[in-house]
J.: 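A single structure is presented below for examination.
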Amino acid sequence: VITPDVIAKVYGTADATTQGKLQGNSMGVAQFLGQFYSPTDLATFFTQFAPESTGRTPTVVGPNEPGNPGVEASLDIQYAMGVASHVPTFFFSTPGQQPGSPENEPFLVWLQKVAAF
């Protein structure tokens, strides 16, 4: 089973718990094309695979429909927060599609949102 602890050991980030407490550290998880996460699923993941993260939630920037979670968004937020258990986390959700190319993500909209942040 690939858990946050396994990933931390493989990539040498086992000290992320300590480093994550450094002032000014934060991370963001970007989601597009209607991908949302469920706080309930995140809490369950922490209980099972990353108990040191129990009780943590990301700051949501943009829409989130917890009753309609996406697999990609769920895995991204669970593992990011599980590996870096003490790093303040932002969940950036950018709705819609790229103008003129609806199968692609609206990266420019996201970049403008992050730049204004």
Side-chain angles (χ1 to χ4, degrees):
V1 175
I2 304 298
T3 66
D5 283 341
V6 169
I7 292 171
K9 288 175 185 153
V10 168
Y11 288 97
T13 61
D15 68 343
T17 298
T18 302
Q19 297 300 317
K21 294 178 181 178
L22 295 177
Q23 185 175 357
N25 278 359
S26 67
M27 69 177 163
V29 175
Q31 296 302 321
F32 305 94
L33 302 176
Q35 286 282 316
F36 307 108
Y37 91 99
S38 163
T40 303
D41 291 350
L42 181 61
T44 299
F45 179 86
F46 288 161
T47 298
Q48 294 178 347
F49 301 109
E52 66 280 357
S53 295
T54 300
R56 291 191 59 229
T57 58
T59 299
V60 177
V61 180
N64 187 46
E65 295 178 21
N68 186 27
V71 173
E72 182 177 353
S74 295
L75 288 172
D76 289 352
I77 197 71
Q78 290 166 356
Y79 277 89
M81 292 182 73
V83 170
S85 61
H86 293 286
V87 178
T89 305
F90 296 88
F91 180 85
F92 290 96
S93 176
T94 305
Q97 288 82 26
Q98 181 180 353
S101 184
E103 70 279 357
N104 290 313
E105 295 87 350
F107 287 121
L108 181 58
V109 173
W110 173 73
L111 287 170
Q112 291 169 332
K113 188 185 301 184
V114 171
F117 200 77

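Quick caveat, the model's predicted, so the values are computed rather than measured.
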J.: Would a distance-only check, ignoring hydrogens and angles, find a side-chain to backbone donor-acceptor pair under 3.5 Å from Ser85 to Gly82?
T.: no
J.: Which atom pair, heavy atoms only, marks the closest approach of Phe90 to Ser26?
T.: CE1-CB, 3.9 Å
J.: With a 4.5 Å heavy-atom cut-off, do Thr59 and Pro88 have their side chains touching?
T.: no
J.: State, to 0.1 Å, how close Pro63 and Ser93 come at their nearest heavy-atom pair, and which atoms those are.
T.: O-OG, 2.7 Å
J.: Please report the closest heavy-atom contact between Ala84 and Met27, naming both atoms and the distance.
T.: CB-CE, 3.7 Å
J.: Can you name the closest pair of heavy atoms from Tyr37 and Leu42 and give their distance?
T.: CE1-CD2, 3.8 Å
J.: Out of curiosity, does Phe46 fall in the hydrophobic cluster containing Leu75 (side-chain heavy atoms, cut-off under 4.5 Å, transitive links)?
T.: yes
J.: Going hydrophobic residue to hydrophobic residue with side-chain gaps under 4.5 angstrom, can you get from Val29 over to Val83?
T.: yes
J.: Which atom pair, heavy atoms only, marks the closest approach of Ala50 to Pro4?
T.: CB-CG, 4.2 Å
J.: For the atom pair CZ (Phe91) and CG (Asn64), what is the distance rounded to the nearest 0.5 Å?
T.: 5.0 Å
J.: Between atom OG1 of Thr94 and atom NZ of Lys113, what is the distance when rounded to the nearest 0.5 Å?
T.: 3.5 Å
J.: Can you measure from CZ (Phe92) to CG (Leu111) and round to the nearest 0.5 angstrom?
T.: 11.0 Å
J.: Using every non-hydrogen atom in the two residues, find where Arg56 and Met81 come nearest and quote the distance to one decimal.
T.: NH1-O, 3.4 Å
J.: Do the ring planes of Trp110 and Phe32 sit parallel (below 30°), tilted (30 to 60°) or perpendicular (above 60°)?
T.: perpendicular
J.: Which value, rounded to the nearest 0.5 Å, describes the distance between Leu33 atom CG and Glu72 atom CD?
T.: 8.5 Å
J.: Are Phe45 and Tyr79 close enough that their ring centers fall under 6.0 Å?
T.: yes
J.: Side chains of Gln31 and Asp76: donor-acceptor distance under 3.5 Å anywhere?
T.: yes
J.: Run through Val6, Val1, Thr44 and flag the one making a side-chain contact (heavy atoms from CB on, under 4.5 Å) with Phe49.
T.: Val1
